[in-house]
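We're numbering straight along the sequence, starting at 1.
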Amino acid sequence: MEQTFMKERPILPLVLSMSLPMILSMMVTSLYNIIDSYFVAKISEDAMTALSLVFPVQNLINAVTIGFSIGINAVISYHLGALEQEHADNAAALGLLLNTLHGIILTFACIGMMPFFLEMFTENEKIVDLGVRYSRIAFGFAVIISLGMAFEKIFQAVGKMSFTMFSMMCGCISNILLDPVLIFGLGPFPRMGIEGAALATGIGQTISLVIYLVIYLIKPLPVRLRFRRLNFQRNMVLKLYAIGIPATLNMALPSLLISALNVILSAYSQAYVTVLGIYYKLQTFLYLPANGIVQGMRPLVGYNYGASEHRRVQKIYRVALLLAVGIMVLGTVLCQAIPSELISLFTSGSETISAGTSALRIISIGFLASTVSVISSGALEGLGMGLPSLMISLLRYVLITIPAAFLLSRFLGASGVWHGFWISELLTAAIAYVIYHRAVRRQA
């Protein structure tokens, strides 16, 4: 039951052992998202449009449940490091209960709002019908999602990354296998169409949760869910939300950025909007390993911070930063060397490939600088400092990037938007470095 390996093992192998399982599972999750969209597109173009319109609400459910679970993760890690077992147990049980409540509220709110939400974006009754049919099933699993995310972060908080990887991969692989079976009615299964896609996703999420429950029951964790001794401590609840709310907003900000940039780019050509969408598909594969490092780093800095191992916290931060820099060096080289080949993976249009080639070469200038913001924001979440983390994300996604893109586009056209990316990354990196070190010094 001891967690002392988090403050005793050499830092580089420790960070790698915590991060690599998360990188692999996140890559599989990304693959599932692509395959899921592929099969839905085979139903009809209307089905794909409906799925795209439903996506922002799905993203809201994920943002709330994952964001709050990051709060659970940080609080548990801190109290384990401080050798406060009872508080760690209480944080796990209380966090799980609160996230279940979030799932219940999201289920009814999101299903109820979907007809009105969809009608804001389309007058096509068939698309609205498809979206409502999909969301009724998919959002019906919101409680399963909230429980699964809470367990995921509880397991990560105690360093059980291999179990998290196993659970996530089993859920995603089940979803991938069930998609064609339930959508098209293969074998003895009825043809369910878009409802089949939603059900496949829900079953995959349920399988992940069941695996977490089975592992928890047969292999005790360093934290226990003691609901009979649950203590609704006001400070504990406030701390969970103080980290969880900023983390939720952090996850929602990229959607706001994309929407704003689409408005700017659409004034020039639809091809530039397409390029932005392609860039974010490519960016996902590049930033997934970096996000995997953040997930592995979070419980380590939280545990060592709780144990008052402040020098070790700084070493973990630096190692994670160097690992992320290595990933971004590779991404920069690829985007500078073969940008047209990368863009052509998603389109055959010559105008889009040409515009995308220029965009990738410009945007990738800021990849290295972005590691400072990504790692600093993640480390602050692990330390329980949600507001400084949120400030970094606000600067990176809203306060600098959007104004820079708008102003530069007035002088450079659509290329100004691409230049806004690397300028924003450089400025945010400098500010993030200061925010992180000031926040850590104040709490030392």
Side-chain angles (χ1 to χ4, degrees), residues 20-40 51 54-55 58-59 61-66 68-69 72-73 92 95-97 99-100 102-104 106-107 110-111 134-158 160-221 225 288 292 295:
L20 289 176
M22 301 317 305
I23 292 171
L24 181 58
S25 58
M26 290 174 75
M27 294 293 283
V28 173
T29 301
S30 180
L31 179 64
Y32 136 70
N33 286 327
I34 292 172
I35 293 175
D36 195 51
S37 297
Y38 170 80
F39 283 120
V40 170
L51 190 65
V54 170
F55 175 75
Q58 279 186 300
N59 193 49
I61 293 173
N62 289 332
V64 172
T65 56
I66 297 173
F68 186 77
S69 297
I72 300 172
N73 176 288
L96 192 68
L97 187 64
N99 220 25
T100 302
H102 299 156
I104 293 171
L106 287 166
T107 298
C110 293
I111 290 177
Y134 177 87
S135 60
R136 281 176 181 166
I137 295 176
F139 298 169
F141 287 89
V143 173
I144 299 294
I145 295 170
S146 64
L147 285 168
M149 291 303 174
F151 269 105
E152 175 185 312
K153 298 308 177 189
I154 291 170
F155 272 72
Q156 289 178 7
V158 299
K160 304 298 183 182
M161 298 303 197
S162 58
F163 292 141
T164 302
M165 177 186 71
F166 178 71
S167 177
M168 290 175 67
M169 291 182 68
C170 285
C172 289
I173 292 170
S174 299
N175 193 345
I176 290 170
L177 295 176
L178 286 171
D179 260 338
V181 172
L182 297 179
I183 291 172
F184 305 113
L186 303 181
F189 296 91
R191 183 185 181 94
M192 296 181 66
I194 198 166
E195 287 101 328
L199 184 58
T201 300
I203 291 174
Q205 292 159 344
T206 304
I207 288 173
S208 290
L209 174 59
V210 169
I211 290 172
Y212 282 128
L213 291 170
V214 171
I215 294 173
Y216 174 78
L217 291 173
I218 65 176
K219 195 173 181 66
L221 295 178
L225 299 170
L288 272 177
Q295 291 204 43

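- One distance of note links CG of Leu199 with CE of Met192; it measures 5.0 Å at 0.5 Å rounding.
- Proximity of Ile154 to Ile72: side-chain heavy atoms (C-beta onward) are separated by under 4.5 Å at one or more points.
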Extract all donor-acceptor atom pairs below 3.5 Å that involve side chains of residues 172-191 and protein atoms in other chains or at least two apart in sequence.
residue : atom : partner : partner atom : Å
Ser174  : OG   : Cys170  : O            : 2.7
Asn175  : ND2  : Tyr32   : OH           : 3.4
Asn175  : ND2  : Thr201  : OG1          : 3.4

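- Contact record, Thr65 with Ile145: OG1-CG2, 3.8 Å, taken as the closest heavy-atom pair.
- Rounded to the nearest 0.5 Å, atoms CD1 (Ile144) and CD1 (Ile203) are 11.5 Å apart.
- Qualifying side-chain hydrogen bond (donor to acceptor under 3.5 Å, both in side chains) partners for Ser69, counting only residues two or more places apart in sequence or in other chains: Asn99.
- Here the CG atom belonging to Leu97 is positioned 9.5 Å from the NE2 atom belonging to His102, to the nearest 0.5 angstrom.
- Ser208 approaches Gly171 most closely through the heavy-atom pair OG-CA, 3.3 Å.
- Taking all atoms of both residues into account, the shortest heavy-atom contact from Met161 to Gln295 is CE-O, 3.5 Å.
- For the residue pair Asn73 and Lys153, the shortest heavy atom distance occurs at ND2-O, 3.1 Å.
- Evaluation of the salt bridge (Lys or Arg N to Asp or Glu O under 4.0 Å) test over residues 193-205, restricted to residues two or more places apart or in two chains, returns Arg133-Glu195.
- The list of ring-ring contact (aromatic ring centres under 6.0 Å, His included) pairs with a residue in residues 190-221, not counting sequence neighbours, reads Phe155-Tyr212.
- Pairs engaging residues 199-215 under the salt bridge (Lys or Arg N to Asp or Glu O under 4.0 Å) rule: none recorded [sequence neighbours left out].
- With hydrogens and angles disregarded, a donor-acceptor distance shorter than 3.5 Å links the side chain of Thr107 to the backbone of Gly103.
- With rounding to the nearest 0.5 Å, the separation of NZ in Lys160 from NZ in Lys219 is 6.0 Å.
- Side-chain atoms of Ile211 and Phe163, non-hydrogen and from C-beta on, never get closer than 4.5 Å to each other.
- Taking all atoms of both residues into account, the shortest heavy-atom contact from Ala138 to Ala198 is N-CB, 3.8 Å.
- For the pair Ile23/Leu288, no side-chain contact is recorded, criterion being any heavy-atom separation below 4.5 Å from C-beta on.
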Intermediate values then yes/no, side chain to side chain contact (heavy atoms under 4.5 Å, CB included), Leu24 and Met169 = CA-CA 9 Å; Leu24 181 58; Met169 291 182 68; 4.2 Å; yes

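- Sorted by first then second residue, the side chain to side chain donor-acceptor pair (under 3.5 Å) pairs that include residues 134-147, not counting sequence neighbours, are Gln58-Tyr134.
- Closest approach of Ile61 and Ala142 over heavy atoms only: CG2-CB, 4.4 Å.
- Leu209 CG to Met149 CE: the interatomic distance, rounded to the nearest 0.5 Å, is 11.0 Å.
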